[in-house]
Protein chains: 2
Amino acid sequence: MPLYYQLAQQLEAAIERGRLAPGSLLGNEIELAGRLGLSRPTVRQAIQSLVDKGLLVRRRGVGTQVVHSQVKRPLELSSLYDDLEAAGQRPATRVLRHTVRPATAEVAAALGVAEGADVLLLERLRYAHDEPMAYLRNHLPAGLVDCASADLEATGLYRLMRAGGTTLHSARQSVGARRATGEEAVLLGEETGAPLLTMERVTFDDTGRAVEFGSHVYRASRYSFEFQLLVRP
Amino acid sequence: MPLYYQLAQQLEAAIERGRLAPGSLLGNEIELAGRLGLSRPTVRQAIQSLVDKGLLVRRRGVGTQVVHSQVKRPLELSSLYDDLEAAGQRPATRVLRHTVRPATAEVAAALGVAEGADVLLLERLRYAHDEPMAYLRNHLPAGLVDCASADLEATGLYRLMRAGGTTLHSARQSVGARRATGEEAVLLGEETGAPLLTMERVTFDDTGRAVEFGSHVYRASRYSFEFQLLVRP
DNA sequence: GAGTGGTCTAGACCACTGT
DNA sequence: CAGTGGTCTAGACCACTCA
């Protein structure tokens, strides 16, 4: 483990345990470096990573302070399955469709493949505590992941993609709302016309290639997106 | 302007204008530093800032590459007014309410003030192209901003807060959906029961103090949230 | 084995803040 | 004015990738 990373973790732990009180000054960087036997750039790198996380604030001429509020995680590219599991919601998945078919114009444009090229279509119903939660439709370039329906019932798609060697890098998301169609209402146990949260997402790997196009609907009565934003300096 | 910042801007411009093609290698850092007459840490700092923005990818043993996809801005703490203005949507605001009142329990909890303490209540209708777009309800600790209704009609709240010396730092948001009430439907020009996007937000300044609690609804037929996510390394 | 980025050091000067 | 973080330099060694 790099030294700056170890130091960042120690500081983060000290903040979380309240050993560094909110608003308290961290002590100046040079003295801190000397006390720890590190160089100042190394100490700065550790502090900077916590500033990026929103745990610390630096002010020139003043010092480095612990932020007052309890900052949670900023928005990440997260997996619904993992989020539900972390929240103790007993996630489960029913795979409704799992086939290869030619890309429509919309899917081809989103994934950056030729129209008519083979794409994997996944349709899944995601449950939490045995209640339907979301209806997930995903399109993936053919051959990217090699998974059985059984895998998809046991875990999330992102985890399968990572396990298959795909390095997820970024995603472009759009969140909106609309009324449920009759079919969606039946699947999700809502009334026709009930409000649904919609999320469209194109995910890219670290070479910039689109690796997934998702078009999902969530029961607005049981789901909302929560996230933390940081202001870019 | 710092040297690393200037270099980052030059590189970013070269990427956006296509002078650095997607997938192309940037050249190794030491040679680049020598060519530019800068030290390697300075060059690294410039490159790192673009990696953080998602424009570049580094691979040890390989080099630094331009990402293939067109990456737009990641999600920031943004102002609806500024977003609309940037999109050429002719934003306008009608102030419906602008009063000081005692904090309810919910507002007090969100802002971290005592129940019954004075808070500023703002209710605004936000238009784009003369069409109603969103109904905005904000609560602010009293005395934080000193603004006339005229100011609020001409610009966004965040810009007023910044102008008043408040340094925005982070926000906790929750996005969901629900049906429009009769009153909301009238204000927004929708039918009762139409789907609305909802957003609740608590904004913090750089000392961690809550400076704004917003509870907003958007016409789902005319608005969605779009944003870019990056995977944390 | 050659070349890359990842980490780290030991200094230096500057800009800003508060007293 | 003293003290802080912001920037910058000129080196060094290491871990990883790929031919």
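Residue numbers start from 1 in every chain, and the chains themselves are labelled A, B, ... in the order their sequence lines are given, proteins ahead of strands.
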Does C:dC8 have OP1 or OP2 sitting under 4.0 Å from an N or O in the side chain of A:Y4? no

Select base, sugar-phosphate, or nothing to describe what B:L3 touches, counting heavy atoms under 4.0 Å on all strands. sugar-phosphate

Reckon B:T64 has a side-chain N or O less than 4.0 Å from the OP1 or OP2 of C:dG5? yes

In whole Å, I'd like the distance from the CG atom of B:L38 to the P atom of D:dT9. 5 Å

Within a reach of under 6.0 Å around CZ of B:R101, are more than 12 heavy atoms found that belong to other residues, nucleotides or ligands? no

With nearest nucleotides of DNA chain C determined for A:Y5 and A:R59 from heavy-atom distances, which residue corresponds to the more 5′ nucleotide? A:Y5

Under 4.0 angstrom, heavy atoms only, what part of the nucleic acid is A:P2 near: base, sugar-phosphate, or nothing? sugar-phosphate

Give the rounded distance in Å between these two atoms: CG of A:L36 and P of C:dC8. 13 Å

Atom pair distance, as rounded to whole Å: CZ in B:R58 and P in D:dA15: 19 Å

Kindly say whether the aromatic ring centers of B:F225 and A:F225 come within a distance under 6.0 Å. no

Electrostatic pair A:R137:A:E200 at N-O distance under 4.0 angstrom: no

If you compare every side-chain N and O of A:T42 against the phosphate oxygens of C:dT7 (OP1, OP2), does one of them come in below 4.0 Å? no

Ion pair check, A:R172 and B:E226, cut-off under 4.0 Å: yes

Side-chain donor/acceptor contact of B:R40 with base of C:dT7 under 3.5 Å: yes

Quickly work out the A:D52 CG to D:dG6 P distance and round it to whole Å. 12 Å

